[in-house]
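Worksheet: the structure to be examined is printed underneath.
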Amino acid sequence: VPEFLFGAGVVIISGQLDQGKNSHVNCPFKFMMKPMLKLLALETLMIKDYGIADSGIPPIQVTAGWYHSCALRIDRGGAIYCWGSNDAGQLGDGSAIDRSVPTKVTAGGTLPGTRFASVAAGGQHTCALTTDGSAYCWGNSYYGQLGNGSYRDYTLHAVPTAIQTSSLPTGTRFASISAGQVHTCA
């Protein structure tokens with residue numbers, strides 16, 4: 001567990017860096033462990049209370065973007081649940097409505113029976129890999145981070161859509177995926 005953090009603390013209330021203020025911190029500081037543990041306990045409770053861990057099996061992966069989080073359940077057929085801000089469709093439920101409880105990602109452009117194997121939350125987008133190595137993304141695509149060929153696009157992409165692979169060798173499959181603020185790598 002890291003003891004020192006630095007960066008832009010821009011989240012309302014306690015700051016994303018957990019230093020209790022909303023300011024930029026360009027040199028390392030020792031973070032407060034107690035509030036961090038309370039936050040983790042609250043998130044664990046929320047996941048359990050809303051059916052994500054009701055089988056006694058915890059999610060196999062939890063990821064956080066700017067103002068949204070997602071969890072992957074392998075025992076539910078590789079289902080993904082997301083909650084938080086949804087202004088760009090980053091929760092993948094087909095809407096732009098913020099959700100305060102975990103909400104199952106809609107199948108959207110995926111094939112019936114598709115099982116997700118991993119999920120990555122970015123700034124205002126989310127991407128996931130299926131068990132067969134296909135990649136899907138949803139949310140903000142202003143900088144092309146969805147990999148669907150769109151750029152400077154304000155269209156709502158609120159359900160998983162396959163990334164464009166026409167420029168890649170036939171049969172390309174991905175082993176991992178990572179989402180940053182305005183980019184995605186697979």
Per-pair distances, 0.1 Å, donor-acceptor, side chain in residues 143-150, under 3.5 Å, sequence neighbours excluded:
unit_1, atom_1, unit_2, atom_2, d
Gln145, OE1, Tyr143, N, 2.9
Gln145, NE2, Asn140, O, 3.1
Asn148, OD1, Ser150, N, 2.9
Asn148, OD1, Ser150, OG, 2.5
Ser150, OG, Ser141, OG, 2.6
Ser150, OG, Asp153, OD2, 3.4

Counterpart residues, salt bridge (charged side-chain N to carboxylate O under 4.0 Å, His left out), relative to Arg99 (two or more places apart): Asp93
Closest heavy-atom pair and its distance - Ala162, Tyr136: N-CD2, 3.2 Å
Nearest heavy atoms of Gly94 and Val159, plus distance in Å: CA-CG1, 3.7 Å
Donor-acceptor under 3.5 Å (Ser100 side chain, Asp98 main chain): no
Asp87: side chain to side chain donor-acceptor pair (under 3.5 Å) partners, not counting sequence neighbours: Ser85, Gln90, Gln124
Ser178 side chain vs Cys185 backbone, donor-acceptor pair below 3.5 Å: no
Nonpolar side-chain network containing Leu129, other nodes, edges under 4.5 Å: Ile163, Leu168, Phe174, Ile177
Set of residues satisfying ring-ring contact (aromatic ring centres under 6.0 Å, His included) with respect to Tyr142, sequence neighbours excluded: Tyr154
Considering all heavy atoms, the nearest Ala179-His125 contact: CB-NE2, 3.7 Å
Heavy-atom pair with the smallest gap, counting every atom of Lys104 and Ala79: CE-CB, 3.8 Å
Shortest non-hydrogen contact between Val105 and Pro160, atoms and distance: CG1-CG, 3.5 Å
Trp138 side chain reached by Thr126 side chain, heavy atoms, under 4.5 Å: yes
Spacing of CZ belonging to Arg173 relative to OG1 belonging to Thr130, to within rounding of 0.5 Å: 7.0 Å
Qualifying disulfide bond (SG atoms under 2.5 Å apart) pairs with a residue from residues 126-166, counting only residues at least two apart or across chains: Cys127-Cys137
Ala121 to Thr63 - nearest heavy-atom pair and separation: N-OG1, 3.1 Å
Connected-component partners of Leu91 among ILVMFWY, side-chain separation under 4.5 Å: none
Path from Val101 to Ile97 over hydrophobic side-chain contacts below 4.5 Å: no
